[in-house]
Amino acid sequence: MPGWPEVLTGPVDEVASLLLGAVLRHSGVAVRLTEVEAYDGPDDPASHAYRGRTPRTEVMFGPPGRLYVYFSYGMHWCANVVTGPDDRASAVLLRAGEVVDGIEAARSRRGAVANDVRLARGPANLARCLGLDRTCNGLDLAGLLVLPDPPAFAVSTGPRVGVSHAVDVRWRFWCSGDPTVSTYRRSPRAVSP
DNA sequence: CTTTTGATCGTCT
DNA sequence: GACGATCAAAAGC
């Protein structure tokens with residue numbers, strides 16, 4: 001059984017499913033990941049790294065096990081775990097999770113939320129629960145991200161959300177039936193089949 | 001229930 | 001200067 005962070009160096013879609021059930025802890029809140037998406041840098045037109053190395057994507061080209069945080073739509077932060085060998089520039093977007101510790105802190109960061117299962121539903125909401133922002137870009141996750149014991153739950157796969165390319169690639173993974181997983185909505189920009 | 005729209009700015013062309 | 005790995009509220013049915 002490979003240790004940290006070697007376990008992250010396999011094919012990014014396999015690594016993504018391994019991250020389901022992992023617990024990420026930051027700023028007094030812990031979230032158990034229930035939904036993730038894989039992005040494979042060089043071969044994936046939907047990946048930020050597809051068009052090469054830029055200041056923003058620099059972290060993706062570095063070693064695995066670090067956090068890649070990007071700013072989205074002028075107001076949100078979203079977080080990825082960098083995977084693969086150095087220079088592969090693959091990453092797994094953290095789309096949803098269940099708050100398993102620090103729920104009061106998570107609630108206060110999110111403001112009024114009707115139901116706790118929605119606290120960390122959606123990548124920007126998950127990042128907000130954990131207090132992740134630009135200062136966390138490149139953060140070494142050793143000790144902060146605890147991988148699950150051999151997964152004892154069913155995994156579903158489907159198309160990725162929000163991307164306008166390669167919509168047919170089933171690189172979104174989630175814990176089957178988990179209430180914290182967002183209901184699927186195809187990108188408005190996705191090309192019609 | 002589904003669809004539309006406003007908020008808001010870093011990044012890349 | 002246009003666009004985007006989003007979200008929540010509003011509007012339409």
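Source: prediction; values computed, not measured. We name chains A, B, ... by the order of the sequence lines, and we start the count at 1 in each one.
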Taking [atom1] from [X] and [atom2] from [N], how many angstroms apart are they, rounded to a whole number?
X        : N      : atom1 : atom2 : value
A/Trp77  : B/dT11 : CH2   : P     : 8 Å
A/Met60  : C/dA5  : CE    : C1'   : 10 Å
A/Asn125 : C/dC7  : CG    : P     : 5 Å
A/Leu93  : C/dT6  : CG    : C1'   : 11 Å
A/Tyr70  : B/dC9  : OH    : C1'   : 15 Å
A/Arg56  : C/dG4  : CZ    : P     : 11 Å
A/Glu37  : C/dT6  : CD    : P     : 8 Å
A/Asn115 : C/dA8  : CG    : P     : 13 Å

Discussion item. Once you apply a heavy-atom cut-off of 4.0 Å, does A/Arg134 come out as touching a base, just sugar-phosphate, or nothing?
Written reply: nothing
Worksheet item: Which is true for A/Ala124 with a 4.0 Å heavy-atom rule: it touches a base, it touches only sugar-phosphate, or it touches nothing?
Response: sugar-phosphate
Practice prompt. Assess the side chains of A/His165 and A/Tyr50: does a donor N or O sit below 3.5 Å from an acceptor N or O?
Written response: no
Ignoring the backbone of [X], work out which of [options] is nearest its side chain.
X       : options               : value
A/Ser47 : C/dT6, B/dC12, C/dA5  : C/dA5
A/Phe71 : B/dG10, B/dC12, C/dA5 : B/dG10
A/Tyr73 : C/dT6, C/dA5, C/dA8   : C/dT6

Worksheet entry | Watson-Crick or G-U wobble partner of C/dA5, both distances under 3.5 Å | none
Fill in: Strand partner of B/dC1, provided both Watson-Crick or wobble distances fall under 3.5 Å
C/dG12
Phosphate oxygens OP1/OP2 of [N]: is one of them under 4.0 Å from a side-chain N or O of [X]?
X        : N     : value
A/His76  : C/dC7 : no
A/Arg110 : C/dA8 : yes
A/Arg118 : C/dC7 : no
A/Ser72  : C/dG4 : no

Discussion item. Below 30° counts as parallel, above 60° as perpendicular, anything between as tilted: where do the rings of A/Trp77 and A/Phe71 land?
Written reply: tilted
Worksheet entry | Within one Ile-Leu-Val-Met-Phe-Trp-Tyr cluster: A/Leu141 and A/Val146, side-chain cutoff 4.5 Å | no
Item to complete: For salt bridge (Lys or Arg N to Asp or Glu O under 4.0 Å), just list the numbers for A/Arg88 and A/Asp43, CA-CA rounded to whole Å, side-chain angles, deciding distance to a tenth of an Å, and then say yes or no.
Response: CA-CA 10 Å; A/Arg88 179 70 191 178; A/Asp43 302 325; 2.8 Å; yes
Fill in: Cation-aromatic face contact A/Arg160/A/Tyr39, 6.0 Å, 45 degrees
yes
